[in-house]
S.K.: 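Sending over a structure as structure tokens; questions will come in a sec.
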Amino acid sequence: MRRLFFALFLALPLMACGQPAGLKVENVWTRDTIGSSANAAVYMTITAPAADRLIAASSPVANRTDLMTMEGGASATGMAYVEAIDLPANTAVSLAPSGLHVWLADLKQPLTAGQTFPLVLEFENAGQREVIVSVIAPNAMAPMSGM
């Protein structure tokens with residue numbers, strides 16, 4: 001019986017190595033709201049170990065939070081609401097200025113460079129994850145994955 005427990009004890013580190021890494025949300029940021037802007041877009045990079053979907057978001061700094069995309073990409077002909085953002089397994093999905101983003105509508109106060117605030121992301125399979133959003137200056141370079 002002791003041999004069985006000893007064998008299981010030795011196998012635990014090997015079993016842990018085979019488990020996939022957890023969901024990663026990196027480089028979460030938005031820009032300083034200039035003037036009286038009551039809205040802001042939040043960007044980030046999400047990598048899920050298994051296929052998942054971002055289905056909602058919320059933050060105490062805004063009265064409404066939506067998932068959106070820029071229509072027309074870089075030419076930005078407008079924005080459209082999306083019900084969810086698909087996250088293929090082991091593929092980094094970028095929410096970026098010319099595409100997908102989390103939209104904060106009816107901000108409760110202006111966002112100021114250097115400030116941070118919480119954002120709760122809700123995933124179909126991974127559940128809720130709270131991340132911290134960094135507010136950067138309007139002319140600052142956006143954070144990049146891996147930096």
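Computed from a predicted model, the values in this text were never measured in an experiment. Residue numbers start at 1 and run along the sequence shown.
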S.K.: Using modelled atom types and a 3.5 Å cut-off, is there a donor and acceptor pairing between side-chain atoms of Arg31 and backbone atoms of Ala140?
M.R.: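 Yes; judged by distance alone, with no hydrogens or angles, the pair exists.
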S.K.: Assigning hydrophobic clusters by single linkage (Ile, Leu, Val, Met, Phe, Trp, Tyr; side-chain heavy-atom cutoff under 4.5 Å), is Leu23 placed with Val28?
M.R.: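 As far as the 4.5 Å side-chain criterion goes, Val28 and Leu23 are connected within one cluster.
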S.K.: For residues Leu119 and Ala57, report the shortest heavy-atom separation together with the two atoms involved.
M.R.: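 Smallest heavy-atom distance, with atoms named: CD1-CB, 4.2 Å.
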S.K.: Among Val131, Val133, Val135, Leu121, find the one that has a side-chain contact (heavy atoms from CB on, under 4.5 Å) with Val42.
M.R.: Val133
S.K.: Evaluate side-chain contact (heavy atoms from CB on, under 4.5 Å) for Leu67 paired with Val102, printing each intermediate quantity in order.
M.R.: CA-CA 5 Å; Leu67 303 178; Val102 174; 4.0 Å; yes
S.K.: Under a 4.5 Å cut-off applied to non-hydrogen side-chain atoms, are Leu111 and Phe117 in contact?
M.R.: yes
S.K.: Nearest 0.5 Å, please: how far is CG in Leu107 from OG in Ser59?
M.R.: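 Answer rounded to 0.5 Å: 8.5 Å.
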S.K.: Are any of the side-chain heavy atoms of Pro60 and Pro118 separated by less than 4.5 Å?
M.R.: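 Side-chain contact under 4.5 Å: yes.
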S.K.: With no hydrogens and no angle check, is any side-chain donor or acceptor of Asp32 less than 3.5 Å from a backbone partner on Ala113?
M.R.: yes
S.K.: Let me confirm one number: the CG-OG1 distance from Asp52 to Thr47, rounded to the nearest 0.5 Å.
M.R.: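 Separation between the atoms: 12.0 Å.
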S.K.: Where is the tightest heavy-atom contact between Gln115 and Pro110, given as atom of each residue plus distance?
M.R.: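 Heavy-atom minimum between the residues: OE1-O, 3.9 Å.
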S.K.: Given 3.5 Å as the limit, does a donor-acceptor pair link the side chain of Asn125 with the main chain of Ala51, or not?
M.R.: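 It does hold such a pair.
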S.K.: Would Ile46 end up clustered with Ile132 when hydrophobic side chains under 4.5 Å apart are linked, directly or stepwise?
M.R.: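 Ile46 does not cluster with Ile132.
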S.K.: Rounded to the nearest 0.5 Å, what's the gap from OG1 on Thr30 to CE on Met44? Could you check?
M.R.: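 If I round to the nearest 0.5 Å, the distance is 9.5 Å.
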S.K.: So how far is it from Leu95 CG to Leu100 CG, rounded to the nearest 0.5 Å?
M.R.: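 That separation rounds to 5.5 Å.
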S.K.: I need the minimum non-hydrogen distance between Ile136 and Pro143, along with the two atoms involved.
M.R.: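 Closest approach of Ile136 to Pro143, heavy atoms only: CD1-CD, 4.3 Å.
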S.K.: How long is the span from the CG atom in Asn39 to the CE atom in Met68, to the nearest 0.5 Å?
M.R.: 9.5 Å
S.K.: Determine, stepwise, if the pair Arg129 / Phe123 fulfils side-chain contact (heavy atoms from CB on, under 4.5 Å).
M.R.: CA-CA 8 Å; Arg129 301 292 167 97; Phe123 298 92; 3.9 Å; yes
S.K.: If you compare all heavy atoms of Ala89 against all heavy atoms of Pro49, which two are closest, and at what distance to 0.1 Å?
M.R.: CB-O, 3.8 Å
S.K.: Give me the atom names and distance for the closest heavy-atom approach of Ala41 to His101.
M.R.: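 Taking every non-hydrogen atom into account, CB-CD2, 3.7 Å.
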S.K.: Are any of the side-chain heavy atoms of Val61 and Gln109 separated by less than 4.5 Å?
M.R.: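 Contact flag for Val61/Gln109 side chains = no.
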S.K.: Give me the atom names and distance for the closest heavy-atom approach of Leu104 to Ala62.
M.R.: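 Closest approach of Leu104 to Ala62: CB-CB, 3.9 Å.
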S.K.: Stepwise, does the side-chain contact (heavy atoms from CB on, under 4.5 Å) test hold for Glu122 with Ile55?
M.R.: CA-CA 6 Å; Glu122 186 175 340; Ile55 56 173; 3.8 Å; yes
S.K.: Measuring from atom CG of Asn27 to atom OG1 of Thr45, what distance do you get when rounded to the nearest 0.5 angstrom?
M.R.: 5.5 Å
S.K.: Closer than 4.0 angstrom, basic N to acidic O: yes or no for Arg64 and Asp106?
M.R.: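 No, Arg64 and Asp106 are not salt-bridged.
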